[in-house]
Amino acid sequence: MSNKIIAGNWKMNPVTLKDVKATFTEIKRSVGSVRGVSVLICPPFVYLPELKRLSLGGKVEIGAQDAHFVDQGAQTGGVSAYMIRDLGIKTVIIGHSERRAGGDTDEIVNKKILTALTAGLRVILCIGEAVRDDKCHYLNTLQEQLEKDLIGFPIKLADRLIIAYEPVWAIGKNATRVETPDGFLHNKIFIRKVLAGIVGRKKALSVPVLYGGSANATNAGDFLSVGQADGLLVGRDSLNPKNFAEIIKIASKS
Ligand code: 13P
């Protein structure tokens with residue numbers, strides 16, 4: 001059985017280094033000797049070096065929340081995938097809906113993915129529809145995102161791809177409702193089918209598909225068992241060490 005991936009996307013939190021260190025140290029301690037789970041924390045860029053240092057000797061990996069599509073140069077405020085890699089960080093989230101809302105088109109997401117892969121990073125590609133309709137037209141959005149975001153994807157690097165399915169309407173404290181584990185499973189099967197057309201059936205079957213969107217200590221078990229999620233991309237509950245530890249414990253048993 002392959003490891004479940006429990007990733008925390010801290011977004012633009014916490015706002016002090018003191019809180020960052022306290023939250024991370026608590027998570028690192030609670031992960032302790034847990035088996036069968038890969039734990040990842042993706043903090044804001046400014047905290048990457050410090051958390052990378054604090055993560056040494058533990059089981060929590062550090063990842064980045066985004067990376068520019070240009071290697072280096074005149075990109076004010078930009079952070080290069082090569083800078084991230086140089087810190088010893090191996091994973092980057094790309095295509096999160098909050099970045100898409102800020103202007104990341106599928107074309108930009110595609111370029112970011114290809115640059116991140118060239119820099120040697122593993123990519124968590126976030127996809128998800130803004131609106132869920134009863135006739136399943138939203139599946140066209142998922143297909144389009146995958147096909148456009150993965151144009152030119154080197155098939156031999158499929159083991160460095162993770163998909164996070166995050167329906168936009170289920171994300172954050174203003175979520176209108178939460179995805180069901182059954183609904184997730186339906187979408188995971190569809191995502192794998194589309195991926196098969198991009199990287200081939202065999203490789204598509206080994207690409208982990210995570211669920212994200214108000215995943216928490218209460219619903220984690222159902223998403224991982226009934227929903228057969230290969231892991232979770234957790235927002236708010238990853239900033240609560242007690243709840244995040246509970247999610248990791250659940251994942252280690254599922
Ligand atoms: P929440 O868990 O806060 O809904 O955030 C989900 C998310 O966007 C993770 O990337």
Side-chain angles (χ1 to χ4, degrees), residues 4-15 19-20 23-24 27 37-45 47-48 51 60-67 89 91-104 109 112-113 116 121-132 138 141-142 145-146 149 161-181 183-184 187-188 191 208-224 227 229-248 250-251:
K4 300 280 186 201
I5 299 167
I6 301 298
N9 175 8
W10 280 4
K11 307 192 178 182
M12 204 167 69
N13 302 291
V15 292
D19 285 349
V20 166
T23 309
F24 184 78
I27 290 173
V37 191
S38 299
V39 182
L40 177 77
I41 290 291
C42 301
F45 287 131
Y47 302 131
L48 287 175
L51 286 197
V60 184
E61 194 193 320
I62 305 299
Q65 294 179 15
D66 190 40
I89 286 162
T91 309
V92 61
I93 297 172
I94 293 181
H96 192 281
S97 59
E98 286 150 16
R99 298 219 56 102
R100 290 181 192 259
D104 278 13
V109 169
K112 286 184 170 183
I113 291 172
L121 296 170
R122 177 170 73 149
V123 170
I124 300 180
L125 167 61
C126 296
I127 60 164
E129 78 284 1
V131 181
R132 173 68 61 87
Y138 74 93
T141 306
L142 303 187
Q145 286 179 334
L146 285 168
D149 297 350
L161 178 66
I162 295 168
I163 304 294
Y165 170 62
E166 300 204 324
V168 182
W169 49 266
I171 294 176
K173 60 181 188 315
N174 297 325
T176 48
R177 55 201 168 101
V178 176
E179 172 64 298
T180 61
F184 169 76
N187 296 328
K188 176 183 168 179
I191 287 166
V209 183
L210 318 184
Y211 174 70
S214 299
N216 56 39
T218 309
N219 60 28
D222 283 345
F223 277 110
L224 294 168
D230 300 305
L232 301 167
L233 182 53
V234 185
R236 283 156 297 158
D237 248 14
S238 67
L239 286 149
N240 179 324
K242 195 165 152 272
N243 291 2
F244 197 58
E246 181 62 23
I247 295 173
I248 292 163
I250 292 166

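In listed order, ligands and their atoms are each counted from 1.
The protein heavy atom nearest to atom 2 (O) of ligand 1 is Gly235 N, 2.9 Å. For atom 9 (C) of ligand 1, the nearest non-hydrogen atom of the protein is Glu166 OE2, 2.9 Å.
Note: Ser38 OG to Ile162 CD1 = 8.5 Å, rounded to the nearest 0.5 Å. Atoms CD and CG, from Gln65 and Leu48 in turn, are 8.0 Å apart once rounded to the nearest 0.5 Å. Separating the CZ atom in Phe24 from the CG atom in Leu51 is a distance of 5.5 Å, to the nearest 0.5 Å.
Near Arg236, with a cut-off below 4.0 Å to any heavy atom, the atoms of ligand 1 are 1 (P), 2 (O), 3 (O), 4 (O). Near Ser214, with a cut-off below 4.0 Å to any heavy atom, the atoms of ligand 1 are 1 (P), 2 (O), 4 (O). Listed by number with element, the atoms of ligand 1 under 4.0 angstrom from any heavy atom of Asn9 are 9 (C), 10 (O). Within ligand 1, counting atoms from 1 as listed, the ones closer than 4.0 Å to a heavy atom of Leu233 are 9 (C), 10 (O). Near Lys11, meaning under 4.0 Å from any of its heavy atoms, are these atoms of ligand 1: 5 (O), 6 (C), 7 (C), 8 (O). The contact set between ligand 1 and Gly172, taken as ligand atoms under 4.0 Å from a residue heavy atom, comprises 1 (P), 4 (O).
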Legend entry - Test side chain to side chain contact (heavy atoms under 4.5 Å, CB included) applied to Tyr211 and Leu232, step by step: CA-CA 5 Å; Tyr211 174 70; Leu232 301 167; 4.0 Å; yes
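Checking Lys173, Arg236, Arg177 one by one against Ser214, the side chain to side chain donor-acceptor pair (under 3.5 Å) holds for a single residue, Arg236. Of the residues Leu210, Leu233, Asn187, the one that meets the side-chain contact (heavy atoms from CB on, under 4.5 Å) test with Tyr165 is Asn187.
Neither the backbone nor the side chain of Lys173 comes within 4.0 Å of ligand 1, counting heavy atoms alone.
Side-chain contact, Glu166 with Ser97: no donor N or O sits under 3.5 Å from an acceptor N or O.
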